[in-house]
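In what follows, a single structure is set out as structure tokens and then discussed.
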Amino acid sequence: METTTFVEDWLCYDPILGEGAYGEVRLLVHKRTNEKIACKIIDHAKYKDAKTNIEREVMILKMVSHDNIIKFFGRRQEPTREYIFLEYASGGELFQMIEPDIGMPSRNAQFFMKNLLCGLNYLHMKGITHRDIKPENLLIDGNGILKISDFGMATLFRLKGKERKLDKKCGTKPYLAPEVLRRPYFATPSDIWSCGIVYVAMLTGELPWTDTTDGNEEFLKWREDSYLAETPWSKLGNTALSLARQILNEDSEKRLTLQQIMKHPWMRFDFGNDDPSSQVDGQTSYEAKRWNSMMDSETKNNRETPQVTLSQPAMALRSPTSMDQLINHIEITKSRDLICFSQPTRNDDVILQFTQTPITKENFHHLVKRMTRFYVTCDLQKALECLGSVLDSLRYSWNMDAAGTVTVSTMDSQKTQLIFKANLLKMDGKILMDFRLSKGCGLEFKKKFLKLKSCLWNIVEKPDIVSDASSCSSSVP
């Protein structure tokens, strides 16, 4: 699709869909066709090292076309900014569907695993390695299909049939294969290892370790086969654990290939079949019942949530203005309704206009689905005051910008920096408190969100009084 397609009649919705290493992502909706696309905005003036990575990402996106990979529609470059137009995945990030310390139903995990492996197999056939597979980079579209996204760390490992080893250490620590830290390493097994960590996270709601170094106690137990009584492995059934064991084999040459994973019994089991008398891969009824009894509890539903380690207090950067002045400033800022961007050099005389649009009952479905939002029963000022008070009591560092976005900085349970943002949106006379991850682990972010929500319970609109339009409360999409 040519970038000139994005010339007029596109509405830019105020809430940010997400943030990447080099900028933010916003939703664009065409006024007449209702077509939706995601626009990644990169500020080259702010991120000096973005240009090389963006060029590589765009090059790779142009090479691929697959149902399980986010689609690339075009780009527009300016002296200091760049706009990348991508497929809009309304289901949000995969981590939103993972319940902390619990996971998700095995049927869902199997479906997403198949999607992930199909997309990754296509990339590997093209000689492309992703190098940063994790739930935060896996998006879900409106039909529930998983899409691999964010190719900022991707690279070519095979060209004209000749494969090379890689030596760049990149990715996210908990998902990194051991050989990546030692270097050089083969591309395909390292991506497969990352898929194995995603698989464990989907079934158990937690990550098995923070890294794969010799000093990591959890990883050493895995290496020494003394892990069975440890979480997350104790949450897995025998067949699920068998698959994890073979994907997360420290020896990359003995690690399962993508094709072997797809043939594993756990991947072939029909979790959607409720008839115990039916056959499973030619088994008798008795054998099928035994298989079902082994497979039906891949995750547990009644586990206590572990204590969340809070960060030490840090200096919070607050605006010196009063709350009344700040509320007034937010209202003025939100009322601005036009952003203009210049077009490519071949079409300089055209101005691209994105009309910013507030969220209403009618267009609420345009928001990306998130489990981390809820309505409150008070006004904007009271909601901000309550949120600030709770953040202070939890000893989180936070600040609020002129547009009313609250940025929260803390450390997760693994002592890694975690940053998330809260936006308070007016909708049909009510206030929607919307949280999104900015930096860090999605599962840890969800733990923090649940803690915040419980502390704000006195102002959270309860599910039994939520209207049809506000399905974003405790059962938000």
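Counting begins at 1 with the first residue of the sequence.
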For [X], salt bridge (Lys or Arg N to Asp or Glu O under 4.0 Å) partners two or more places apart:
| X | value |
| --- | --- |
| Asp211 | none |
| Glu99 | none |
| Lys71 | none |
| Glu19 | Lys421, Arg436 |

Side chain to side chain contact (heavy atoms under 4.5 Å, CB included) for Ile431 and Asp379? Distances and angles first, verdict last. CA-CA 7 Å; Ile431 301 297; Asp379 61 22; 5.6 Å; no
Ignoring hydrogens and geometry beyond distance, is a side-chain donor-acceptor pair present between Ser149 and Asn137 at under 3.5 Å? no
Check: Phe269 ring centre within less than 6.0 Å of Phe271 ring centre: yes
Please tell me whether Trp266 and Tyr199 form a close aromatic pair, meaning their ring centres lie under 6.0 Å apart. yes
Which of parallel (below 30°), tilted (30 to 60°) and perpendicular (above 60°) describes Phe435 and Phe449? perpendicular
Classify the ring geometry of Phe445 against Phe95: parallel below 30°, tilted from 30° to 60°, perpendicular beyond 60°. perpendicular
Heavy-atom side-chain contact between [X] and [Y] under 4.5 Å:
| X | Y | answer |
| --- | --- | --- |
| Leu146 | Asp141 | no |
| Leu123 | Phe151 | yes |
| Trp398 | Asp392 | yes |

Candidate pair Phe112 and Leu94, rule side chain to side chain contact (heavy atoms under 4.5 Å, CB included), full reasoning: CA-CA 9 Å; Phe112 290 136; Leu94 176 64; 3.7 Å; yes
Ionic contact status for Glu55 with Arg75, cut-off 4.0 Å: yes
Thinking salt bridges, do Lys51 and Glu82 make one under a 4.0 Å N-O criterion? no
Given the rule in the side chain to side chain contact (heavy atoms under 4.5 Å, CB included) test, do Arg26 and Ile41 qualify, once you have shown the distances and angles that lead to the verdict? CA-CA 8 Å; Arg26 289 187 178 271; Ile41 305 170; 4.2 Å; yes
Closest approach of [X] and [Y], non-hydrogen atoms and distance?
| X | Y | result |
| --- | --- | --- |
| Glu218 | Pro208 | CB-O, 3.4 Å |
| Glu93 | Glu136 | CG-O, 3.7 Å |
| Asp412 | Lys448 | CA-CE, 4.3 Å |

So, the side chain of [X] versus the backbone of [Y]: is there a donor-acceptor pair under 3.5 Å, distance only?
| X | Y | result |
| --- | --- | --- |
| Ser454 | Lys451 | yes |
| Arg131 | Asp191 | no |
| Lys462 | Trp457 | yes |
| Asn115 | Asn68 | no |
| Lys446 | Gln96 | yes |
| His130 | Asp150 | yes |
| Thr405 | Asp401 | no |
| Lys134 | Thr172 | no |

So Lys235 and Glu206, salt bridge (Lys or Arg N to Asp or Glu O under 4.0 Å) or not? Walk me through it. CA-CA 10 Å; Lys235 300 177 183 179; Glu206 62 178 296; 2.5 Å; yes
Ile148 vs Ile133, test: side chain to side chain contact (heavy atoms under 4.5 Å, CB included). Steps then yes/no. CA-CA 8 Å; Ile148 301 173; Ile133 296 290; 4.3 Å; yes
Just wondering, are more than 12 heavy atoms of other shown residues or ligands nearer than 6.0 Å to NZ in Lys173? no
Taking only residues two or more places apart in sequence or in another chain, which ones pass side chain to side chain contact (heavy atoms under 4.5 Å, CB included) with Ala177? Glu179, Val180, Ser190, Trp193, Arg255
What residues, two or more places apart in sequence or in another chain, satisfy side chain to side chain contact (heavy atoms under 4.5 Å, CB included) together with Cys386? Lys382, Leu456, Ile459
side-chain hydrogen bond (donor to acceptor under 3.5 Å, both in side chains) assessment of Thr210 paired with Asn216: CA-CA 8 Å; Thr210 55; Asn216 187 281; 3.0 Å; yes
